[in-house]
Every structure is written in structure tokens, then in C-alpha cells.
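Scroll down for the structure; my scribbles are underneath it.
In what follows, every heavy atom counts, from backbone to side chain, and hydrogens, waters and symmetry copies are set aside. Per chain, numbering begins at 1; letters A, B, ... match sequence-line order.
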Amino acid sequence: MPTRITISEAVRHEAETVEIAGWLYNIRKSGKIVFPLLRDGTGLMQCVAVKSALPEALFETIKNLTQESSIVVTGKIRADARAAGGFEMDVENLEVVQRVPESDPYPITPKEHGTEFLMDHRHLWLRSQRQHAIIRVRHAVIKAVRDYFDSHGFTLVDTPIFTPAACEGTTTLFEVNYFEDEKAYLTQSGQLYNEANAMAFGKVYCFGPTFRAEKSKTRRHLTEFWMVEPEMAYADLEEVKRVAEEMLLFITARVLETRREELKVLERDVAKLESVQSPFPRIGYDEAVKILQANGSEIQWGGDFGGTDETILTQQFDRPIMVDRFPSAIKAFYMAPDPDRPEVALGVDVLAPEGYGEIIGGGQRVHDPELLLRRIEEHQLPKEAFNWYLDLRKYGTVPHGGFGMGIERCVAWICGLEHIRETIAFPRMLYRLRP
RNA sequence: UCCUCAGUAGCUCAACGGUAGAGCAUUCGGCUGUUAACCGAAGGGUUGUAGGUUCGAAUCCUACCUGAGGAGCCA
């Protein structure tokens, strides 16, 4: 029995007869020689089947294979410049596990397709080279995020997905029935729980899915997305910014190191990622507003950035930028005010370059008990629901802060994608719940 | 919720008031180095749905449905 290998391992098996199990990606025929292109999840391998070298029945079987039929191919690996991956396999035997019938052929042909068709066939679209590359970059990004925090003194403490109270206004929360009579909501952020965890462990992070029932139908919104959120005790805004920058540098370096092939498939200009170096430009909200006004935006001091504003702003720089000290009025109740300028908050947004916009939002939290209580009242939030959160300020409160990064927005930027929907295997969006 | 655009063969599109067409996919035939292979042939249609205008509607009008892009919104 020949050794079963994956296509990614073929380099180490030159001149050996091996077995590869996979699916027929495509097939090119030229009379008495055919080139089945085999896909196995680790790569693509061009096979070569020559009529004169094979039993007639086997050659006929190979010649009549249909796209995405599952097959196990045995043959000898040979280096050949004419093959896309540098290696090809001379077919000696081929077992058909299942032949896709031509009466109902595989729908995604190697030609162009529209968004609706591809999204309806997302479960099959994932087999395409481009989607495969994106998901592998996503994996590398997530691994890098975990490696960064794990090696910098952070403890992983995941926060709940069911949350009891509507803390931030119910319009963007998904409501679910929690047994009889009780309502629960799917989490929008692990942050409040993260603050409790930080007071217990010092530096923590959580990483999981978050849910927002926003009726936003744009290229940067999902209703279910993954977010990593570090939180640090005894940390101020400057420390939050330092960690955010260091983490992003770690991620981009890792992807450039381990996912060159995938970036090539995606036709990503890697020079754009290579220019992501320290230090990231740090600009204040005031300055950002001036830049925007000088570039034709109608933004006034006090307003939040629109999508166009973020695009204008990020196009001025070749690397992510950090914008801090937004007006408190447009930020969350727990955002700490600047002691020197109480009208602005010690919050920071990190905007990715090339028009990708906000990928990180965070800052320093209110740690003064009196102020926090006043903020909860001002925002007309149900105080009882925050008793446990207020406890954190009663028992050993300290300056602290953290941030949240949306994984999909980060992956979309690193891959250079038009739309966030391709960065997750099964995107959940307004008007798109299936498959 | 609002604005814009689009629904024609399995897929991507053409025809823009006068006989619904091409490429890919599928089937059949050809080809011993193909790279979204190529060459020849065949089958494949209630033009999103319902009304309306017209001698005549895929094409013009109205409503609805579906999708896409965007706005608002987005701790």
C-alpha cells in the first residue's frame, strides 16, 4: 500500500508513489492525455493520466470524471515546471469514492458567478481557491491574536454569550427566550464582564462571537461576528494604545510570514502590509475633524465619523492610525473623561488603512464610583442591573482599560477584500441567514 | 425605515417596442502537455410575480417579491 499524503506534503515525496484523497477540482482533456486537477483541502495537485500507460477502463473512468467527484489517486510525484505548484502526479490508479452525476453537475463552475448565487451556495463556495485562502488567513490572524496575548501575560477568560439585561438599548440586541418568563440577550461585547475578570487576573482577554441586531447593510457589517477583547487593570489610555499597536504589528508580521501563498491567491499587494510598522500615527479627534473638513467632509466638532469620513482619514496614511479623545457625548457611558478636558473621552479608535476604517475601539474606563453612578443615571440605564458592575468600583477600583477588535474587519483589511462577508465561513447578515 | 441599481437558459450576460441570442456548464465527436485548455455539433426559455398601455411588451407604466450597493444606525 502506498503512503497516504496530503498535497501540502508532496514536496517531501518526490519520485515516490503515494496516495492522495480528495476531490476533482477541474479536468483538462487532450485526447489520449488528461490532466485532472486534484484538491484535498491543503492545496491543488495537477495529475497526469496517459492513455498508453493505463488500463483502458481506468483511462475511460478518469476521462469521464465530473467536477467535485470524490477520488483517491495513486501515483508518482514528479517535479515539473509545467504544473502550477511545481509538482505533478503521474496517475497509476484512481478510485472513485463518489461520482457526481452529470444530470445534476456541481453548480460552481470555473467561470464567473454573481454574489447572490455564490452566497446561496456558500457551503460549496468554500471549496474555491480564493475562499480557501481567505479562511486560512483568518485562521492565522486568530492564532496570532491568541499567541500575542498568551505570550504577554494575559489570561484567557471568556465571557458569557447570554446576558441578562438590555444594557445598551434594546434595538441592537437579539432577544431570546430564557426558559419561562425570562428574556435573555445575545452579547454585544464581553467588556463589562472583562472588567470583572481584569480585577481578578490583572490582564485578561476574551474571544468569541458577538451579536448586533443593527439594520446595517454595508460591506463592513455582520450581525454575528467574532471579537477579541483584552482588558487590563492599572492601565491608562496610552497603555491601551501601545498594546493595540503591538498586537496589530504581531498579526501582520505573522500573516506575512506564514500566509504568503494565500495572499498571492488573493492578489493582495503585500507591500501595503509590509509598510505596517511602528509607530502608528496618533491623532486627536480635534485634528481629525480639521483634516476631514480640509478634505471636503461636512463633519462638525461633536459628530461621529461616517463611513466616508473614515475612508478620507485613512487614505492620508500608509498604516493604521489611532484617533483618540472623542467627544464624551457620542461615546459609551463607561468611557473615562480626560481629566484635563472633561468634554472628551479617553477612548481610541484604530482605523485600518486603504479605506477599511475602524477595526479597533477601546479606551480607559470610568473607575470613579461616583462618576460611574452618575453616568448610569444620565444614560437612563436600569441601576439594579449594574449593581455587580458598580461593585467593581466599590472594592479596590483602579484605572483600567482595554479594547475590542473585530476579527472579520481585520481579516478583510489584511486580505484586501471588497466585502466582509467572505471573511467568515457562514456569514450572518441583515437579510441573509442561510445556508 | 429611506435612496439607487438589478432580476432573461444551470451560471455570466446580450437583445431596449417588431421572429429571445452568445460564452461557460451538460451530452456526443476530435485532439499525447493542458493551465478558467481548444475545435465541431446537439439539447436547454411561461424573460421574478400580478395587473395595465399597445395591432404587438423581455423592452413602456403601476404594485408587489427577491437580491445588490449605500444612508440612517453601528458599546
Return the value, rounded to whole Å, for the distance between atom CD1 of A:I330 and atom P of B:rA75.
10 Å

Same-atom distance (C1') from B:rC73 to B:rC3, integer angstrom
15 Å

Pick the P atom in B:rC64 and in B:rG69, then give their distance to the nearest Å.
22 Å

If a pair satisfies side-chain hydrogen bond (donor to acceptor under 3.5 Å, both in side chains) and one of its residues is in residues 102-113 of chain A, list it, with sequence neighbours excluded.
A:R99-A:E102, A:T109-A:H113

Are A:R421 and B:rG69 close enough that a side-chain N or O sits under 4.0 Å from OP1 or OP2?
yes

Decide, yes or no, whether a salt bridge links A:R374 with A:D368 under the criterion of side-chain N to carboxylate O below 4.0 Å.
no

Report the base-pairing partner of B:rC5 (Watson-Crick or G-U wobble, both distances below 3.5 angstrom), or none.
B:rG67

Regarding A:M429, tell me which of base, sugar-phosphate or nothing describes its non-hydrogen contacts under 4.0 Å with the strands shown.
nothing

Just call it for A:K29: base, sugar-phosphate, or nothing, with non-hydrogen atoms closer than 4.0 Å on any strand.
base

Can you tell me if A:K217 touches the phosphate of B:rG69, counting only side-chain N or O atoms and a distance under 4.0 Å to OP1 or OP2?
yes

Between B:rC74, B:rG33, B:rG67, spot the one nearest the side chain of A:R432, thanks.
B:rG67

Specify the residue among A:D90 and A:K63 whose closest nucleotide of RNA chain B lies further upstream toward the 5′ end.
A:K63

In whole angstrom, what separates A:F35's CZ from B:rC31's C1'?
12 Å

Applying a 4.0 Å non-hydrogen cut-off, can you work out what A:R78 is touching in the nucleic acid: base, sugar-phosphate, or nothing?
base

Report each atom pair, protein N/O against N/O of nucleotides 23-26 of chain B, whose distance is under 3.5 angstrom.
none

Have a look at A:E418 and say if it touches a base, only the backbone sugar-phosphate, or nothing, with a 4.0 Å heavy-atom cut-off.
nothing

Interatomic distance where CZ belongs to A:R219 and P belongs to B:rC73 [whole Å]:
19 Å

For the P atoms, the ones on B:rA15 and on B:rA58, what distance do you get once it is rounded to whole angstrom?
16 Å

Kindly say whether, by distance alone, the side chain of A:Q46 makes a donor-acceptor pair under 3.5 Å with the base of B:rU34?
yes

By ring pair (Phe, Tyr, Trp, His ring centres under 6.0 Å), A:F149 pairs with (sequence neighbours left out) A:F154, A:Y205

In whole angstrom, give me the gap between the C1' atoms of B:rA71 and B:rU12.
30 Å

Watson-Crick/G-U partner (both atom distances under 3.5 Å) of B:rC31
none

Using a heavy-atom cut-off of 4.0 Å across all strands, would you classify A:T218 as base, sugar-phosphate, or nothing?
sugar-phosphate

With sequence neighbours excluded, give me every side-chain hydrogen bond (donor to acceptor under 3.5 Å, both in side chains) pair touching residues 42-56 of chain A.
A:R28-A:Q46, A:D40-A:T42, A:Q46-A:E88

Note: contacts of residues 338-359 of chain A with RNA chain B (heavy atom, under 4.0 Å) are none

Could you state the atom-to-atom distance from CD of A:E112 to C1' of B:rG10 in whole Å?
16 Å

Under 3.5 Å, is there any donor-acceptor pair linking the side chain of A:R28 to the base of B:rA36?
no

May I ask you to say whether A:R268 pairs ionically with A:E354, meaning some side-chain N is under 4.0 Å from a carboxylate O?
yes

Would you say A:K215 places a side-chain N or O within less than 4.0 Å of OP1 or OP2 belonging to B:rG72?
no

Under 3.5 Å, which donor-acceptor pairs do the side chains of residues 381-388 of chain A form with other protein atoms, sequence neighbours left out?
unit_1	atom_1	unit_2	atom_2	d
A:N387	ND2	A:E384	O	3.4

Answer yes or no: does atom NZ of A:K29 have more than 12 heavy-atom neighbours from other residues, nucleotides or ligands under 6.0 Å?
yes

Tell me which one of A:K217, A:M119, A:R122, A:R421 satisfies side chain to side chain contact (heavy atoms under 4.5 Å, CB included) with A:R432.
A:M119

Could you tell me whether A:F426 atom CZ has more than 12 heavy atoms of other residues or ligands within 6.0 Å of it?
yes

Rounded off to whole Å, could you give me the CZ-to-C1' distance for the A:F174 and B:rC74 pair?
13 Å

When all nucleic acid strands are considered with a 4.0 Å heavy-atom cut-off, which category describes A:F117: base, sugar-phosphate, or nothing?
sugar-phosphate

For A:H419, report the nucleic acid contact type (base, sugar-phosphate, nothing); a contact means any heavy atom under 4.0 Å.
sugar-phosphate

Comparing A:N64 with A:I27, nearest RNA chain B nucleotide closer to 5' gives the residue A:N64

Determine the Euclidean distance between corresponding P atoms of B:rA63 and B:rG10; express it in Å to zero decimal places.
30 Å

Who is the Watson-Crick or G-U wobble partner of B:rU62, with both distances under 3.5 Å?
B:rA50

Counting side-chain heavy atoms from C-beta on, which of B:rC31, B:rG33, B:rC74 comes nearest to A:R409?
B:rC74

Using a cut-off of 4.0 Å on non-hydrogen atoms, how would the nucleic acid contact of A:R365 be classed: base, sugar-phosphate, or nothing?
nothing

Step by step, would you call A:Q131 with A:E422 a side-chain hydrogen bond (donor to acceptor under 3.5 Å, both in side chains)?
CA-CA 7 Å; A:Q131 300 309 308; A:E422 293 177 73; 2.7 Å; yes

From C-beta outward on A:H113, which listed nucleotide comes closest to its side chain: B:rG33, B:rC74, B:rC11?
B:rC11

Run the side-chain hydrogen bond (donor to acceptor under 3.5 Å, both in side chains) check on A:Q129 and A:R39 step by step: do they pass?
CA-CA 9 Å; A:Q129 245 190 313; A:R39 171 183 80 73; over 6 Å; no

Check whether more than 12 heavy atoms from other residues, nucleotides or ligands sit under 6.0 Å from atom CD of A:E378, and answer yes or no.
yes

What is the base-pairing partner of B:rA22, counting Watson-Crick and G-U wobble geometry with both distances under 3.5 Å?
B:rU12

Rounded to whole Å, the CD-C1' distance (A:E231 to B:rA75) equals 12 Å

As a test of reading the structure: which of B:rA75, B:rU12, B:rC74 is closest to the side chain of A:E214, going by heavy atoms?
B:rC74

Report the nucleotide, chosen from B:rA75, B:rA36, B:rU34, that has the shortest atom-to-atom distance to any side-chain atom of A:R82.
B:rU34

When you measure from the side chain of A:K32, which nucleotide among B:rG69, B:rC31, B:rC73 comes out closest?
B:rC31

Categorize A:Q191 for me: base, sugar-phosphate, or nothing, with a 4.0 angstrom heavy-atom threshold over every strand shown.
nothing

Where the side chain of A:N194 meets the backbone of A:E229, is there a donor-acceptor pair that is under 3.5 Å apart?
yes

With rounding to the closest Å, how many angstrom separate the P atoms on B:rC38 and B:rU47?
31 Å

Just to verify, which of A:E238, A:E246, A:E245 counts as forming a salt bridge (Lys or Arg N to Asp or Glu O under 4.0 Å) with A:R242?
A:E246

Nearest-Å distance once atom C1' is located in both B:rA68 and B:rA75
29 Å

Say you pick atom C1' in B:rC74 and the same atom in B:rA6; how far apart are they, in whole Å?
27 Å

Under 4.0 Å, heavy atoms only, any strand: does A:D304 hit a base, just the sugar-phosphate, or nothing?
nothing

